[in-house]
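Everything below concerns the one structure shown next.
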Amino acid sequence: MIVRTRFAPSPTGYMHIGNLRTALFAYLTARRNNGVFILRVEDTDQERNIPEALDAIYASLALAGLDYDEGPDKDGGYGPYVQSERLDIYKAHVERLLASGGAFRCFCKKDDTGQEDSEPVRRDSCRNLTEHEVETKISAGESFVIRQRIPESGSTTFVDEVYGEITIENTQLDDQVLLKSDGFPTYNFANVVDDHLMGITHVMRGQEYLSSTPKYNLLYDSFGWPVPIYVHLPLIVKADGSKFSKRLGDPSFEDLVRMGYLPGAIVNYIALLGWSPGDDREFFTLADLEQVFSIDHINKSSAAFSFDKLTWINGEHIRALSGDEFHTLAEIYYPDALSRFDTRKISRLMQVRTEKLTDIPQAVAFFFELPECDVSLYQHKKSKCTPQISLDVLRAVLPVMEELEVWDNDSLLQALKAFIQARGYKVGTVMWPIRTALSCVLVTPGGATELADILGKEETLKRIKAGIEKLENAEK
RNA sequence: GCCCUCAUCGUCUAGGGGACUAGGACGUGGCCCUUUCAAGGCCAAAACCGGGGUUCGAAUCCCCGUGAGGGCACCA
């Protein structure tokens, strides 16, 4: 059997985190089994449909690296892959159900089921209409929907690969709408028809569909089709346990990328939400995952999304980049004013300390624009530094640096080490004031000599003099 | 309201009757390294929801309770 899985998003304009995880698991299941991964667009809701959204789906999938083998723009012989182009298929299938008694016409108006809001439809009264009554209503021009005829009694059992055997009484199932009055199928119906016609072997979707799965099974039965393997995935929730909601401002996949997270890191992190490799590994590229993913390590309980851990794993992915790769990414975040420095050197310093790409601009800002300097920065216990000592050090070290002819990290380090030894200082006592004078910030992407190297001789001396002046003024 | 599902450190998880003094990771605290900060190394605190069974033995199996989540649309 060739494994065929699909990702079936509705075109909403962005990639929900939970959807991305569903897509990822479906993709991995296909890849792991040398199967086929399919993209199908479920645009059956005419009101919520956004045309441009299709491009957003392509873009996100490409960004995440989830290549599909069949889809709207990649015919594999099972198309069309957009549901709005399959209307006649659904119509033909609904006719089959009508003929076999598996479905019936319902003439009730939208909000006219005769029930309280809190009560579900369950058994619709139109299911007992005689053929004559139906004919009469149709010729009278009454609009109708097609509903599924759920058995009056009994129960339906199915097996889920993650959750095991689940049984639901048929009395709990309602005569759900299959075909809307506008001629479009509902999600539930189109899903069953397409999954079967497209040869989907593993139906992978969110856990929220668990309790409606019996209705799917009943539909498969009515058609005489074999039921697929069900793989329901646990939900991804927020730290407080509530649902992710784009409307409430929770980030989508694209948002996370904009926030400075690498797509590969997001994919890695999200794979660990609801799945584990079974050992202690946590760093995975998509290619790694394709090798080790297995649906029997999927969890049952929902997982809380942690920005802390995502940030950490993002740092891991950043550090795993080659120097060139990081530099290319970092450059996008370098302010223009940084270009007068050797940005490759800066990138080398930045790579090991960057957790999110968006942290970069702030971290490198002092290079081209020295912030207002607070004298208290020169106070550092571990380096045995006070403003007074700093002043002494800077005054003494200035001529040493002025005399330096070769200006690079090694020479600077050598000269300063010699100075330190001759004077009997602690290393930090000299390095701290220099680094502070050069940056005027508490945290920098590198030590004193590395910064001096990048800033260049002229700028370095200028900043040290400014530091001396600052400290002198503070003394008065 | 009815139905379904879930339940191990704060969080993600390992665990599928004895290997559990419950392992790893993030985060937190401490130490080391060190030219700041990181990275790296080491250490620490931190969990089997509660109660009954079954068993020689239960985090692991069963039941009840509790808590949490999901479903019950002409939305997907």
Side-chain angles (χ1 to χ4, degrees), chain A residues 8-10 12 19 42-48 106 108-111 113 116 118-122 143-147 160 163-164 166-169 171-174 176-182 184-188 190-191 205-214 232 234-235 237 239 241-243 269 272-283 297 299-313 315 319 349-355 363 377 380 382-383 413 416-417 420 427-432 434-436 439 441-451:
Chain A
S10 299
T12 55
N19 285 149
E42 311 223 324
D43 57 345
T44 56
D45 187 346
Q46 287 295 281
E47 286 173 26
R48 296 208 297 185
C106 170
C108 301
K109 295 286 169 283
K110 250 185 199 179
D111 298 311
T113 47
E116 292 300 316
S118 54
E119 273 179 65
V121 176
R122 299 287 191 254
S143 71
F144 58 85
V145 299
I146 311 289
R147 284 182 185 275
D160 182 85
Y163 291 92
I166 292 172
T167 299
I168 292 183
E169 295 297 318
T171 52
Q172 293 301 323
L173 273 20
D174 58 353
Q176 66 173 345
V177 172
L178 267 21
L179 206 68
K180 305 180 220 175
S181 52
D182 64 3
F184 276 74
T186 56
Y187 163 84
N188 301 291
N191 218 258
R205 43 148 70 140
Q207 189 224 50
E208 64 266 30
Y209 296 104
L210 213 46
S211 44
S212 52
T213 300
H232 285 91
L235 263 30
V237 298
S242 63
K243 277 205 286 187
Y269 176 63
L272 263 15
L273 251 26
W275 173 83
S276 86
D279 56 31
D280 289 341
R281 278 181 78 191
E282 295 205 287
F283 184 94
H297 276 107
N299 273 325
K300 292 176 177 177
S301 46
S302 52
F305 191 95
S306 157
F307 280 96
D308 277 342
K309 188 138 189 181
L310 171 61
T311 301
W312 169 76
I313 208 137
R319 271 166 250 135
L349 297 180
M350 287 299 293
Q351 182 166 8
V352 77
R353 329 168 196 248
T354 302
E355 289 200 294
L377 285 173
H380 187 66
K382 218 176 114 211
S383 303
L413 201 53
L416 289 176
K417 287 248 161 106
I420 287 162
V427 175
T429 312
V430 173
M431 296 301 191
W432 182 272
I434 296 176
R435 195 188 58 82
T436 302
S439 66
V441 289
L442 207 52
V443 176
T444 55
T449 61
E450 290 163 315
L451 299 189

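Per chain, numbering begins at 1; letters A, B, ... match sequence-line order.
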Tell which nucleotide pairs with [N], taking only Watson-Crick or G-U wobble pairs whose two distances are both under 3.5 angstrom.
N: B:U35; value: none
N: B:U28; value: B:A44
N: B:C20; value: none
N: B:C2; value: B:G71
N: B:A7; value: B:U66
N: B:G57; value: none

At less than 4.0 Å, is any side-chain N or O atom of [X] found next to OP1 or OP2 of [N]? Yes or no.
X: A:N188; N: B:C74; result: no
X: A:S211; N: B:U5; result: no
X: A:K300; N: B:G69; result: no

Q: Would you kindly compare A:D182 and A:L272 by the position of their nearest RNA chain B nucleotide and give the one closer to the 5′ end?
A: A:L272

Q.
If you assign each of A:R319 and A:S212 to its closest nucleotide in RNA chain B, which residue comes earlier from the 5' end?
A.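 The 5'-side residue here is A:R319.
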
Q) Who are the side-chain contact (heavy atoms from CB on, under 4.5 Å) partners of A:S211, not counting sequence neighbours? A)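 Expected list: A:I168.
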
Q) Excluding sequence neighbours, so at least two apart, what forms side-chain contact (heavy atoms from CB on, under 4.5 Å) with A:N188? A)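 Per chain and number, A:N188 pairs via side-chain contact (heavy atoms from CB on, under 4.5 Å) with A:Q176, A:T186, A:Y216.
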
Is [X] touching bases, backbone alone, or none of the nucleic acid, heavy atoms closer than 4.0 Å?
X: A:V145; result: base
X: A:S10; result: sugar-phosphate
X: A:N299; result: sugar-phosphate
X: A:Y209; result: base
X: A:R281; result: nothing

Interatomic distance at [atom1], [N] relative to [M], whole Å:
N: B:U8; M: B:U13; atom1: C1'; answer: 9 Å
N: B:C75; M: B:C62; atom1: C1'; answer: 40 Å
N: B:G15; M: B:C2; atom1: P; answer: 36 Å
N: B:G10; M: B:C49; atom1: P; answer: 11 Å
N: B:A19; M: B:G1; atom1: C1'; answer: 49 Å
N: B:G67; M: B:C31; atom1: P; answer: 44 Å
N: B:A58; M: B:U21; atom1: P; answer: 12 Å
N: B:C4; M: B:C64; atom1: P; answer: 12 Å

In this structure, how many angstroms lie between the [atom2] atom of [N] and the [atom1] atom of [X], rounded?
X: A:R205; N: B:A76; atom1: CZ; atom2: P; value: 14 Å
X: A:L210; N: B:G71; atom1: CG; atom2: P; value: 11 Å
X: A:N191; N: B:C75; atom1: CG; atom2: P; value: 15 Å
X: A:Y163; N: B:A7; atom1: OH; atom2: C1'; value: 12 Å
X: A:L349; N: B:C37; atom1: CG; atom2: P; value: 15 Å
X: A:R353; N: B:A38; atom1: CZ; atom2: C1'; value: 5 Å
X: A:Q172; N: B:G71; atom1: CD; atom2: P; value: 16 Å
X: A:F307; N: B:C12; atom1: CZ; atom2: C1'; value: 15 Å

(Q) I'd like to know if A:S302 reaches the base of B:C6 with its side chain such that a donor and an acceptor end up less than 3.5 angstrom apart. (A)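 Absent.
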
Is a donor on one side and an acceptor on the other found under 3.5 Å between the side chain of [X] and the backbone of [Y]?
X: A:K382; Y: A:G428; answer: no
X: A:D279; Y: A:R281; answer: yes
X: A:R319; Y: A:E355; answer: no

Could you run down the sub-3.5 Å N/O contacts of the protein with nucleotides 21-28 of chain B?
| from | atom 1 | to | atom 2 | distance (Å) |
| --- | --- | --- | --- | --- |
| B:A25 | O4' | A:E282 | OE1 | 3.1 |
| B:A25 | O2' | A:E282 | OE1 | 2.2 |
| B:A25 | O2' | A:K309 | NZ | 3.1 |
| B:A25 | N3 | A:K309 | NZ | 3.0 |
| B:C26 | O2' | A:K309 | N | 3.3 |

Give me, pair by pair, the N or O atoms of the protein and of nucleotides 33-35 of chain B that are less than 3.5 Å apart, along with how far apart they are.
| from | atom 1 | to | atom 2 | distance (Å) |
| --- | --- | --- | --- | --- |
| B:U34 | N3 | A:K382 | NZ | 3.4 |
| B:U34 | O4 | A:K382 | NZ | 3.4 |
| B:U35 | O2 | A:A448 | N | 2.4 |
| B:U35 | N3 | A:T449 | OG1 | 3.1 |
| B:U35 | O4 | A:T449 | OG1 | 2.4 |

Inter-residue atom distance [X].[atom1] - [Y].[atom2], 0.5 Å rounding:
X: A:T213; Y: A:R205; atom1: OG1; atom2: CZ; answer: 4.5 Å
X: A:T444; Y: A:L451; atom1: OG1; atom2: CG; answer: 4.5 Å
X: A:L416; Y: A:I434; atom1: CG; atom2: CD1; answer: 4.5 Å
X: A:H232; Y: A:K300; atom1: NE2; atom2: NZ; answer: 14.0 Å
X: A:T12; Y: A:E42; atom1: OG1; atom2: CD; answer: 12.0 Å
X: A:L310; Y: A:L272; atom1: CG; atom2: CG; answer: 11.0 Å

Q. Do A:R147 and A:D174 come within less than 4.5 Å of each other through their side chains, counting heavy atoms only?
A.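 Not touching, per the 4.5 Å side-chain cut-off.
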
Q: Would you sort out whether A:T436 and A:H380 count as a side-chain hydrogen bond (donor to acceptor under 3.5 Å, both in side chains), showing the intermediate values?
A: CA-CA 10 Å; A:T436 302; A:H380 187 66; over 6 Å; no

Q. With sequence neighbours excluded, what pairs up with A:Y187 under the ring-ring contact (aromatic ring centres under 6.0 Å, His included) test?
A. A:Y209

Report all interatomic pairs (protein N or O, nucleotide N or O of nucleotides 60-65 of chain B) with separations under 3.5 Å.
none

Q. What nucleotide, of B:A39, B:U13, B:G70, holds the atom closest to the side chain of A:Q207?
A. B:G70

Q. So, are A:K243 and A:E208 salt-bridged, with charged N and O less than 4.0 Å apart?
A.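 No, A:K243 and A:E208 are not salt-bridged.
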
